[in-house]
Undergrad: 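Mind having a look at this structure? Questions to follow.
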Amino acid sequence: MHVAIIGAGLAGLTTAYALERRGVRVTVVDRREGPGLETSFGNAALMHPSLVAPWNEPGVALDLLRWLGRDNAPMLLHLGQLPALAFWGLRFLAESSPARHKVNTLKNLRLALLARSEMDALRADLDIAFCWKKTGVLSVSRTPKAFALSKEAAHHVEPLGVSFRVLDRDETLAREPALAPVAGAIEGSVHFADDERGDAHAFCTALVDRLSGRGVRFAFNTDIAALATAPGRITGIETREGLIEADAYVLAAGSYSAPLGDAIGLRVPVRPAKGYSLTLHCPGNPHAPAMPLSDNSVHAAVTPIDGKRVRIAGTAEFAGLDTTIRQPRIDYLMSLLARIYPRLAETVSPQDITPWTGLRPMSADGVPTASPTLYRNLWLNTGHGHIGWTTCMGTARLVADMIAGGPPALPLADYSLDRF
Ligand SMILES: Cc1cc2nc3c(=O)[nH]c(=O)nc-3n(C[C@H](O)[C@H](O)[C@H](O)COP(=O)(O)OP(=O)(O)OC[C@H]3O[C@@H](n4cnc5c(N)ncnc54)[C@H](O)[C@@H]3O)c2cc1C
């Protein structure tokens with residue numbers, strides 16, 4: 001069997017790996033000059049089963065109204081985007097009830113734990129370098145209310161195997177001394193020792209290198225105009241270089257899965273949630289953090305990626321497929337860094353900071369989709385939103401189970417398009 005995969009980001013490449021392992025012939029097609037150059041390039045580098053709750057948490061509707069049009073808000077909605085978000089937006093809000101949010105969090109957690117074991121197996125199989133380390137993550141709170149919610153969220157995921165320790169302020173500072181300048185603002189933290197860190201772009205590059213050696217074909221610089229169809233099936237991928245034909249196809253084009261799907265009557269309930277990161281090149285900076293941190297009051301994550309780079313990432317902006325880097329959002333992210341690690345923010349010069357933006361493919365319920373479609377030889381692997389690095393190995397496994405056969409590792413209905 002020959003499978004063509006649309007998209008060489010985390011979703012597409014891990015699917016290529018999972019299929020190749022089952023002896024399937026694979027071709028990966030991407031418009032960019034190399035792998036992982038869009039949303040999978042500059043993320044927060046965290047693989048965090050502990051923090052996979054969807055962003056449409058209870059109360060999100062009021063937050064969005066409060067933050068409407070504000071550049072200094074964690075989630076920014078542009079009024080002009082409302083028509084494009086209509087049906088998706090209603091479902092996004094409907095899924096924010098406490099009960100739905102809890103159900104969706106557990107779906108994500110099961111996927112993330114599957115992904116972790118699949119990633120362990122991949123690392124043993126390929127022995128690739130991508131700054132991977134089991135660093136743990138510190139989830140810091142600044143108010144008693146936020147701390148209580150954070151502890152409640154940790155207890156919710158504990159029965160499925162997420163271990164954690166609740167730390168008071170002093171214990172938090174002992175774990176992360178770089179927080180000392182803001183000690184007075186910190187209420188406490190939850191420490192998840194099993195979470196991991198890794199450079200997603202380095203992973204994509206190394207994976208392509210290994211998969212090429214195993215016979216997977218990569219067609220880079222290949223812009224896909226459309227999918228060609230006959231009744232009930234896909235007949236090829238239309239590119240300027242001609243038609244790429246295969247027996248089966250996987251649509252893993254991130255946020256662009258929606259327009260590619262629309263063109264063939266396939267509704268993909270994913271919208272782009274634009275995020276930003278700043279990579280600080282700061283080798284030897286004494287104010288750099290020791291471990292990854294997620295600050296749930298400031299809504300940002302900061303990760304030391306290796307001894308030389310620290311990355312802060314966060315914010316969501318509903319701005320369609322616009323990938324321009326807007327200075328007010330960069331300034332806002334920098335102000336968040338100054339609230340978390342003021343000394344680090346003060347001591348890194350602007351020329352040592354690389355800004356980046358990426359479009360998170362956000363599904364309406366905050367759960368990724370790994371699913372068959374109305375075309376019998378087309379599968380979908382997208383909708384990973386803010387947890388694509390944490391869950392991509394899980395959806396890749398599910399898609400490979402469906403295409404190549406084999407008992408599904410998780411209940412497929414939880415990640416199917418049919419839920420919409
Ligand atoms: C600021 C930020 C921080 C994040 N932090 C984390 C984190 O710490 N942990 C975590 O788990 N997740 C994180 N994420 C989420 C994660 O990065 C994404 O979920 C993931 O990268 C999505 O991967 P993807 O393969 O679906 O999409 P992409 O990486 O965007 O891949 C899609 C590919 O499809 C190709 N493509 C699209 N259209 C076409 C076309 N017409 N023709 C040819 N090729 C096409 C693109 O070129 C691209 O390479 C973060 C995201 C952002 C933005």
Side-chain angles (χ1 to χ4, degrees), residues 4-16 28-49 51-52 55 108 111-112 115-116 119 137 195-201 203-204 208 218-227 237-240 244 250-261 263 270 272-279 292 294 299-303 305 311-317 321 323 329 333 355-363 368-370 380-396:
I5 297 174
I6 297 146
L10 286 168
L13 293 175
T14 51
T15 307
V28 183
V29 188
D30 199 292
R31 62 186 169 199
R32 300 298 298 263
E33 61 278 24
L37 290 176
E38 299 215 347
T39 314
S40 303
F41 184 78
N43 69 24
L46 292 175
M47 295 136 101
H48 49 70
L51 300 169
V52 287
W55 277 355
N108 284 346
L111 193 60
R116 181 191 279 167
M119 185 62 94
V137 171
D195 285 349
E196 301 166 355
R197 156 209 89 184
D199 181 332
H201 179 242
F203 171 82
C204 291
V208 166
F218 291 93
F220 289 117
N221 294 306
T222 306
D223 203 345
I224 296 165
L227 298 180
I237 297 174
E238 289 173 9
T239 75
R240 221 177 309 135
I244 297 175
V250 179
L251 181 54
S255 295
Y256 297 85
S257 306
L260 283 168
V270 160
K274 185 177 184 179
Y276 285 88
S277 73
L278 300 173
T279 302
S294 164
H299 299 284
V302 186
T303 306
I305 295 181
R311 183 171 293 156
I312 176 165
T315 79
E317 184 177 351
L321 293 168
T323 53
R329 293 304 268 174
L333 199 51
W356 171 83
T357 188
L359 303 176
R360 302 179 189 89
M362 188 76 86
S363 65
T369 293
L380 193 63
N381 185 3
T382 189
H384 297 79
H386 65 298
I387 53 169
W389 189 205
T390 309
T391 55
C392 59
M393 288 296 292
T395 52

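Values below: every heavy atom of this structure, side chains too, minus hydrogens, waters and symmetry copies. Whatever order the structure lists ligands and atoms in, that order sets their numbers, starting from 1.
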Undergrad: Looking only at protein heavy atoms, which one is nearest to atom 27 (O) of ligand 1, and what is the separation?
TA: Gly254 CA, 3.6 Å
Undergrad: Please determine whether side chain to side chain contact (heavy atoms under 4.5 Å, CB included) holds for the pair Val137 and Leu46, giving the CA-CA distance in whole Å, both sets of side-chain angles, and the decisive distance to 0.1 Å.
TA: CA-CA 8 Å; Val137 171; Leu46 292 175; 3.9 Å; yes
Undergrad: Answer yes or no: does an N/O atom from Leu359 fall short of 3.5 Å to an N/O atom of ligand 1?
TA: no
Undergrad: I need the atoms of ligand 1 closer than 4.0 Å to a non-hydrogen atom of Tyr256, numbered in the order shown.
TA: 37 (C), 38 (N)
Undergrad: Given that the side chain starts at C-beta and the backbone is N, CA, C, O, which of these parts of Thr222 lies under 4.0 Å from ligand 1, counting heavy atoms, or is it both or neither?
TA: backbone
Undergrad: How far is atom 30 (O) of ligand 1 from its nearest protein heavy atom, and which residue and atom is that?
TA: Thr39 OG1, 3.0 Å
Undergrad: Suppose I only count heavy atoms of Ala11 and a 4.0 Å limit; which atoms of ligand 1 are within that range?
TA: 25 (O), 26 (O)
Undergrad: Show, in sequence, the C-alpha distance, side-chain angles and deciding distance for Arg31 and Glu38, and conclude whether the salt bridge (charged side-chain N to carboxylate O under 4.0 Å, His left out) test is met.
TA: CA-CA 10 Å; Arg31 62 186 169 199; Glu38 299 215 347; 2.9 Å; yes
Undergrad: So, taking the atom named CG in Leu260 and the one named OG1 in Thr382, what distance separates them when rounded to the nearest 0.5 Å?
TA: 10.5 Å
Undergrad: OG1/Thr391 to NE2/His48 distance, rounded to the nearest 0.5 angstrom?
TA: 9.0 Å
Undergrad: For Phe218, run the side chain to side chain contact (heavy atoms under 4.5 Å, CB included) check against Asp30, Ile5, Val208 and tell me which one passes.
TA: Val208
Undergrad: If you measure every N or O of Leu260 against every N or O of ligand 1, does any of those distances drop under 3.5 Å?
TA: no
Undergrad: Is there a donor-acceptor contact under 3.5 Å linking the side chains of Thr395 and His384?
TA: yes
Undergrad: What's the shortest distance from atom 52 (C) of ligand 1 to any protein heavy atom, and which residue and atom give it?
TA: Arg360 NE, 3.6 Å
Undergrad: Please state which protein non-hydrogen atom is closest to atom 9 (N) of ligand 1 and give its distance, to 0.1 Å?
TA: Leu46 O, 2.7 Å
Undergrad: Which atoms from ligand 1 have a heavy atom of Gly358 less than 4.0 Å away?
TA: 53 (C)
Undergrad: Assess whether a salt bridge exists between Arg116 and Asp195, defined as any Lys/Arg side-chain N lying under 4.0 Å from an Asp/Glu carboxylate O.
TA: yes
Undergrad: Would you say Met47 and ligand 1 have an N/O pair spaced under 3.5 Å apart?
TA: no
Undergrad: Can you report which non-hydrogen protein atom sits closest to atom 41 (N) of ligand 1, along with the distance?
TA: Ile224 O, 3.2 Å
Undergrad: Do any heavy atoms of Lys274 fall under 4.0 Å from ligand 1?
TA: no
Undergrad: May I ask you to identify, for Trp389, whether its side chain, its backbone, both or neither come under 4.0 Å of ligand 1 on a heavy-atom basis?
TA: both
Undergrad: Quick check: does Asp30 get an N/O under 3.5 Å from an N/O on ligand 1?
TA: yes
Undergrad: Is it the side chain (CB and beyond), the backbone, both or neither of Tyr276 that lies under 4.0 Å from ligand 1, heavy atoms counted?
TA: backbone
Undergrad: Please indicate whether any nitrogen or oxygen in Ser40 is less than 3.5 Å from any nitrogen or oxygen in ligand 1.
TA: yes
Undergrad: Would you find a donor on one side and an acceptor on the other, under 3.5 Å apart, between the side chain of Trp389 and the backbone of Gly198?
TA: yes
Undergrad: Test your reading of the structure: does Asn43 have an N or O sitting under 3.5 Å from an N or O of ligand 1?
TA: yes
Undergrad: Closer than 4.0 Å to some heavy atom of Thr390 - which atoms of ligand 1 meet that?
TA: 9 (N), 10 (C), 11 (O)
Undergrad: Does Ala44, backbone or side chain, put an N or O under 3.5 Å from an N or O of ligand 1?
TA: yes
Undergrad: Among all protein heavy atoms in this structure, tell me which lies nearest to atom 44 (N) of ligand 1, with the distance rounded to 0.1 Å.
TA: Arg31 N, 3.1 Å
Undergrad: Apply side chain to side chain contact (heavy atoms under 4.5 Å, CB included) to Asn381 and Thr369, showing your working.
TA: CA-CA 6 Å; Asn381 185 3; Thr369 293; over 6 Å; no
Undergrad: Check the pair Ile312, Ser277 against side chain to side chain contact (heavy atoms under 4.5 Å, CB included), reporting the backbone distance first and the verdict last.
TA: CA-CA 6 Å; Ile312 176 165; Ser277 73; over 6 Å; no
Undergrad: Which residue and non-hydrogen atom of the protein lie closest to atom 15 (C) of ligand 1, and at what distance in Å?
TA: Gly385 O, 3.1 Å
Undergrad: What pair of heavy atoms forms the shortest contact from Arg311 to Thr279, and how long is it?
TA: NE-OG1, 2.9 Å
Undergrad: Taking Thr14 for the side chain and Ala396 for the main chain, is one N or O donor matched with an acceptor at less than 3.5 Å?
TA: no
Undergrad: Identify the heavy atoms of Trp356 and Thr39 that sit nearest to each other, and give their distance.
TA: CH2-O, 3.4 Å
Undergrad: If the cut-off is 4.0 Å to any non-hydrogen atom of Ile387, which atoms of ligand 1 fall inside it?
TA: 10 (C), 11 (O), 12 (N)
Undergrad: Taking non-hydrogen atoms only, is Ala45 closer than 4.0 angstrom to ligand 1 via side chain, backbone, both or neither?
TA: backbone
Undergrad: Of the backbone atoms (N, CA, C, O) and the side-chain heavy atoms from C-beta on, which set of His386 has a member under 4.0 Å from an atom of ligand 1: side chain, backbone, both, or neither?
TA: backbone
Undergrad: Ligand 1 and Pro361, any nitrogen or oxygen pair closer than 3.5 angstrom?
TA: no
Undergrad: For residues Ala200 and Asn43, report the shortest heavy-atom separation together with the two atoms involved.
TA: CB-ND2, 3.7 Å
Undergrad: If I compare all heavy atoms of Ala273 with all of Met362, which pair ends up nearest, and what's the gap?
TA: CB-CE, 3.7 Å
Undergrad: Counting from 1, what ligand 1 atoms have a heavy atom of Arg32 closer than 4.0 Å?
TA: 47 (O)
Undergrad: Leu10 to ligand 1: N or O pair under 3.5 Å?
TA: yes
